[in-house]
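I have placed the structure first, in the form of structure tokens, so that the comments after it can refer back to it.
The chain is numbered in sequence order, starting from 1.
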Amino acid sequence: MKLLPLLVPVLLTLALAYYIYIPLPDAIEQPWRLMMLDAGFRAATHLARLKHWLGFDHYINSIKQSTEGFESLMRSDSAGGVVTGVKVSDITFAGIPVRVYEPPARGEGHLRKGLMYFHGGGWALGSGKKGTYDTINRMVSDELNTIVVSVEYRLYPEVEFPVPYLDCLAAAKHFLSPEVLANYAIDPERVAVAGDSAGGNLAAAVSQEISSDNSMSVKFSVQALIYPVLQALDFNTPSYLQNQNIPILYRTLMVRFWMQYLGLDLSLLPQLLANNHSALQHSALTPELRSRVDWNVLLHQKYKKSYKPLIVEKGLQGVLKEVPGLLDVRAAPLLADTEVLAKCPRAYILTCEYDVLRDDGLMYVRRLQDAGVAVTNDHYEGGFHGCFSFIEWPFEFDIGKRAVRSYINWLQKNL
């Protein structure tokens, strides 16, 4: 019994270490910091699902509350007014809430650049007003003399596809109107659209639509996509398999985000993980459409490694008819035809080696290049999903700081 007071803390310490520790590739920098970050996210998710099961609240809302508490730890200046020379205003564009960042005046007669940003979070989480999204948008506005507009599109579970896309498109069309550009003294030939993860999905989809809309007199001149999610037909690409257990975006979590966004029954998760939703029996999934997500053709051998395509003969009956978003280019921009891609603006696409979405981004790089679009692919060999957002204490990563600086430098040279 005398040993019990000593044994209990030892066991608790071992249990905590077991929960926190996960094996990570040697190339990932600051691995223990990433493990701690991931453990925090997993704990918040487990608690949220318990509350959901007990009937207290939807698990997404509980996760939002936890992440808001996490973001409060990270430096973020208060909304409104002037901070470090950047004026911040929370208004609406075409009825959609946005935050506008205006840089210090550079003198009369000088036109400024414009950038619209869509935050990530699996179409369910996040806000451009908080955390490092706010910090980065302030940096871009100040350093590049740019009017930055961050869009607060509606999220799951309140809405599903296509509402977030339509919110972003409406805000983009309003921003690109000659009247609004003139009001903010923005050069109409120097306007960008950007986003990360699910926000990169929205940025790519909106860019495609605007580029093909002949009624728009002003269009985006560049697009910047940070580890974008671009297709939901193949969850067995090399990067989905290689990185299925790499934080902070696990394979099952990304598939769950897709299912929520498209309104799929979450009990079908094992079916989607097995690619049963994209079986050969589906006549709507033509050979042409399959070729647009064929990683065996679109990826370089160094990324394919020894992985083999998973092609299913017979799978879920009627799923493509019941969930048309799976084949809708507004949800899956990688499925766009070459003629649409050819009209898109030059692109910056950031990809990370240890990210389930790596191959989505790399395939889009290849398809845009094949369509004649100039593309800069900024690939981080030690990168992981979400690193772009971790640049402040207590979870600042050197690779995140390098990624943000590269993004700003590219905009400086190309916008």
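The distance from the CD atom of Gln223 to the SG atom of Cys344 is 5.5 Å, given to the nearest 0.5 Å. The OH atom of Tyr380 sits 3.5 Å away from the OG atom of Ser406 when rounded to the nearest 0.5 Å. Annotation: the span from Ile226 atom CD1 to Ser197 atom OG amounts to 10.5 Å, rounded to 0.5 Å. The distance from the CG atom of Leu233 to the CG atom of Asn275 is 8.5 Å, given to the nearest 0.5 Å. The CD1 atom of Ile248 sits 10.0 Å away from the OG1 atom of Thr45 when rounded to the nearest 0.5 Å. Atom CZ of residue Arg42 and atom CG of residue Leu47 lie 14.0 Å apart, to the nearest 0.5 angstrom.
Checked options Asp378, Asn414, Thr376; the residue passing with Tyr348 is Asp378 (criterion: side chain to side chain donor-acceptor pair (under 3.5 Å)). Only one option out of Leu34, Leu249, Ile246 pairs with Tyr354 in a side-chain contact (heavy atoms from CB on, under 4.5 Å); it is Ile246. Of the listed residues (Leu334, Thr237, Leu298), just one forms a side-chain contact (heavy atoms from CB on, under 4.5 Å) with Val293, and that residue is Leu334.
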Between Val404 and Lys401, is a side-chain contact (heavy atoms from CB on, under 4.5 Å) present by the stated rule, with each step listed?
-> CA-CA 5 Å; Val404 169; Lys401 293 179 179 179; 6.0 Å; no

Give the C-alpha distance, both sets of side-chain angles, the deciding distance and a yes or no for salt bridge (charged side-chain N to carboxylate O under 4.0 Å, His left out) between Glu339 and Lys343.
-> CA-CA 7 Å; Glu339 290 73 18; Lys343 297 176 183 178; over 6 Å; no

Go through the steps for Val312 and His282 under the test side-chain contact (heavy atoms from CB on, under 4.5 Å), then give the verdict.
-> CA-CA 10 Å; Val312 179; His282 300 302; over 6 Å; no

Please assess Arg292 against Asp337 for the test side-chain contact (heavy atoms from CB on, under 4.5 Å), listing each intermediate value before the final yes or no.
-> CA-CA 8 Å; Arg292 298 172 188 176; Asp337 62 43; 3.4 Å; yes

Step by step, would you call Asp142 with Arg138 a salt bridge (charged side-chain N to carboxylate O under 4.0 Å, His left out)?
-> CA-CA 6 Å; Asp142 184 46; Arg138 290 173 189 267; over 6 Å; no

What do the steps show when you test Lys130 against Glu152 for salt bridge (charged side-chain N to carboxylate O under 4.0 Å, His left out), and what is the final call?
-> CA-CA 11 Å; Lys130 299 175 182 177; Glu152 293 293 291; over 6 Å; no

Taking it one step at a time, do Lys113 and Glu102 satisfy salt bridge (charged side-chain N to carboxylate O under 4.0 Å, His left out)?
-> CA-CA 10 Å; Lys113 305 170 187 176; Glu102 298 180 61; over 6 Å; no

What do the steps show when you test Val340 against Ser211 for side-chain contact (heavy atoms from CB on, under 4.5 Å), and what is the final call?
-> CA-CA 8 Å; Val340 170; Ser211 298; over 6 Å; no

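Distance alone, capped at 3.5 Å, places no donor-acceptor pair between the Arg99 side chain and the Val151 backbone. In this structure, Asn145 contributes its side chain and Arg112 its backbone to no donor-acceptor pair below 3.5 Å.
More than 12 heavy atoms of other residues, nucleotides or ligands lie within 6.0 Å of CD in Glu158, so this atom counts as buried by the packing criterion. The number of heavy-atom neighbours closer than 6.0 Å to CG of Asp26, taken from other residues, nucleotides and ligands shown, is 12 or below. Heavy atoms from other residues, nucleotides or ligands lying under 6.0 Å from NZ of Lys305 number more than 12.
Between Tyr261 and Phe161, the distance separating the two ring centers is shorter than 6.0 angstrom. For Phe395 and Phe390, the ring centers sit 6.0 Å or farther from each other. The aromatic ring centroids of Trp123 and Tyr156 lie 6.0 Å or more from each other.
Using cut-offs of 30° and 60° for the angle between ring planes, the Phe388 and Tyr227 rings count as perpendicular. Ring planes of Trp32 and Tyr21: tilted class, angle from 30 to 60°. The aromatic rings of Tyr117 and Tyr407 lie perpendicular to each other, with more than 60° between the two planes, well past the 30° mark.
Shortest non-hydrogen contact noted between Leu415 and Gly114 is CD2-O, 3.8 Å. Contact record, Val255 with Leu269: CG1-CD1, 3.4 Å, taken as the closest heavy-atom pair. Pairing each heavy atom of Asp360 with each of Pro228, the nearest pair is CB-O, 3.7 Å. Closest approach of Gly315 to Ala279, counting heavy atoms only: N-CB, 3.4 Å. Closest approach of Val373 and Ala347 over heavy atoms only: CG1-N, 4.5 Å.
Using a 4.5 Å heavy-atom cutoff, the side chains of Tyr364 and Leu362 are not in contact. No side-chain heavy atom of Gln244 sits under 4.5 Å from any side-chain heavy atom of Tyr250. Put simply, the side chain of Ile311 does not reach to within 4.5 Å of the side chain of Arg290, judged on heavy atoms. Using a 4.5 Å heavy-atom cutoff, the side chains of Val163 and Tyr153 are not in contact. Ile186 is listed as a side-chain neighbour of Val191, based on a closest heavy-atom distance under 4.5 Å.
Remark: Glu209 does not engage Arg330 in a salt bridge, criterion side-chain N to carboxylate O under 4.0 Å. A salt bridge links Arg402 and Glu29; the closest N-O separation between the charged side-chain nitrogens and carboxylate oxygens is under 4.0 Å. Here Arg154 pairs with Asp167 in a salt bridge; the nearest charged N to carboxylate O distance falls below 4.0 Å.
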